Each structure stands twice: as C-alpha cells, then as structure tokens.
Amino acid sequence: KAGVTQTPRYLIKTRGQQVTLSCSPISGHRSVSWYQQTPGQGLQFLFEYFSETQRNKGNFPGRFSGRQFSNSRSEMNVSTLELGDSALYLCASSLATGGNKAFFGQGTRLTVV
Amino acid sequence: GDSVTQMEGPVTLSEEAFLTINCTYTATGYPSLFWYVQYPGEGLQLLLKATKADDKGSNKGFEATYRKETTSFHLEKGSVQVSDSAVYFCALDRSQGGSEKLVFGKGTKLTVNP
C-alpha cells in the first residue's frame with residue numbers, strides 16, 4: 001500500500017508569490033489534514049478536509065487555503081508569501097472517523113526568499 | 001485551550017542508556033495520546049498510542065502509559081540505540097465531529113552516541 005505522497009519535496013519562492021502544494025493520501029483514506037512545522041512554533045494544525053469539505057481550521061490567516069478533490073487528493077495554497085511562511089508543510093491522511101491514526105507524508109520544504 | 005508540554009531538548013545519551021521523555025497535557029475530557037517520531041529529512045511516523053486512561057502503548061522497545069491523574073504520557077525505552085536518534089513529538093487527538101486534529105508538543109531531539 002503506497003503511503004502519503006507530497007509534491008514537490010522542496011520549493012523556493014520569492015516574497016509576494018503564491019504557491020500550491022499537493023498531497024495524495026493513502027488509498028481509501030478520505031480525511032486529509034495539513035500541518036506547518038517551524039523551529040519556533042513547532043507543528044501547527046492548518047486545516048482538515050473530508051469529502052471535499054473543510055471540516056476544521058487552525059488559526060492561520062486567510063492567505064492559507066486548501067481544497068480536496070473527489071479522489072481525496074488535496075492541495076494547499078499560500079498567497080502573497082512572507083518570509084515567515086518558510087516551513088516544512090506536512091500532510092496527513094486518515095480514515096473517515098475522528099481519532100484514527102494519522103499517516104504523514106515526508107513533507108514539502110518551502111523556503112521563501 | 002488544549003496543549004501538550006514536552007521536556008526541553010536536546011537530549012544526548014550513550015548507546016544502551018535508559019531514556020525518558022516527559023510529556024504532560026491539558027485538555028478537556030480524555031483524548032487519545034500519541035508519540036510520533038521524525039527522522040532527519042522525513043515526515044512523522046506514529047510510534048505508539050493510547051486511547052484511554054491506564055492504557056500502555058508500546059512499539060520497538062518504547063513504552064508510554066496514559067496517566068489521567070497526572071495528565072502525563074511519558075515516553076520510555078530501556079536501552080537506546082544510535083538508530084533511535086530523531087525528534088520525538090507527543091500529541092493529543094482533539095478531533096471534533098469526526099474531523100481529525102492533532103495538537104503537538106514542541107518536540108524533543110534525541111541524539112544517541114555509540
């Protein structure tokens with residue numbers, strides 16, 4: 001069974017640009033969550049999608065958005081990039097019901113210059 | 001709000017030493033508790049979990065017991081190996097209405113020297 005796949009693995013963007021990250025969950029998993037990992041703030045929850053609907057959202061500005069497609073693949077978008085958005089973005093997939101084990105991808109390392 | 005507090009790192013041990021990484025949490029109710037491990041350049045892997053009070057999670061020689069009296073979930077291993085060098089995260093499950101949400105501690109970096 002293939003794991004959670006995130007693309008690309010590494011990205012370098014300039015301040016003010018926008019970026020889209022992709023996550024393909026484990027086959028059969030319908031929930032996809034996104035987390036931001038930085039040295040200062042640690043791991044912070046961004047949002048969670050299930051059946052193409054956002055079910056939960058963390059405390060991030062509106063520049064951070066996401067969506068989920070009918071095949072459960074998810075994308076997150078960050079507009080008007082700031083230096084502070086440099087981070088490792090992790091995606092996790094799990095089965096439909098809350099409290100299930102989350103499987104994480106290797107992450108996308110975003111560097112904003 | 002919900003939060004997880006882990007002992008500050010980094011932790012440096014010699015091979016075969018005993019490991020304890022402290023974790024305490026603040027949450028309403030009795031959430032499921034997890035330990036995740038992150039190896040260099042990788043994402044997170046679930047190490048172990050416990051879903052109710054007094055449950056003991058174990059995997060690869062690591063253990064942690066869900067203690068509701070002390071709201072703790074300390075990670076232990078009797079004899080660490082160089083390959084255990086990684087960052088360890090304690091987390092609680094704050095799912096609501098079926099949605100998935102994990103609240104993580106800051107992480108503890110472990111280095112094991114031969």
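No hydrogens, no waters, no symmetry mates; every other heavy atom, side chains included, goes into these values. Lettering of chains follows the sequences in order, A, B, ..., and the numbering in each one begins at 1. The model shown is predicted, which means the values in this text are computed figures rather than measured ones.
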Which answer fits [X], side chain, backbone, both or neither, if we ask what part of it has an atom under 4.5 Å from a heavy atom of chain B?
X	result
A/Arg9	side chain
A/Gln6	neither
A/Leu90	side chain

Legend entry - Most chain A-contacting option - heavy-atom pairs closer than 4.5 Å, from B/Leu46, B/Thr51, B/Val103: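 Highest number of heavy-atom pairs under 4.5 Å: B/Leu46.
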Inset, instruction - Name the orientation class of the two ring planes belonging to A/Tyr49 and A/Phe47 (parallel below 30°, tilted from 30 to 60°, perpendicular beyond 60°). - result: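 A/Tyr49 and A/Phe47: perpendicular rings.
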Inset, instruction - Fit a plane to each ring of A/Tyr35 and B/Phe104, take the angle between them on a 0 to 90° scale, and name the class: parallel (under 30°), tilted (30 to 60°) or perpendicular (over 60°). - result: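 The rings of A/Tyr35 and B/Phe104 stand perpendicular, inter-plane angle above 60°.
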Inset, instruction - Check the side chains of B/Glu42 and A/Gln106 for a donor-acceptor pair under 3.5 angstrom, ignoring hydrogens and angles. - result: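 Yes - a donor-acceptor pair under 3.5 Å links their side chains.
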Inset, instruction - Check whether the side chains of B/Thr108 and B/Gln6 place a donor and an acceptor atom closer than 3.5 Å, and report yes or no. - result: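 Distance-only check passes for B/Thr108 and B/Gln6.
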Legend entry - Short N-O contact, A/Lys13 and A/Asp85, less than 4.0 angstrom: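 Salt bridge: no.
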Legend entry - Segment of B/Gln38 engaging chain A (4.5 angstrom heavy-atom cut-off):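 Contact with chain A involves the side chain of B/Gln38 alone.
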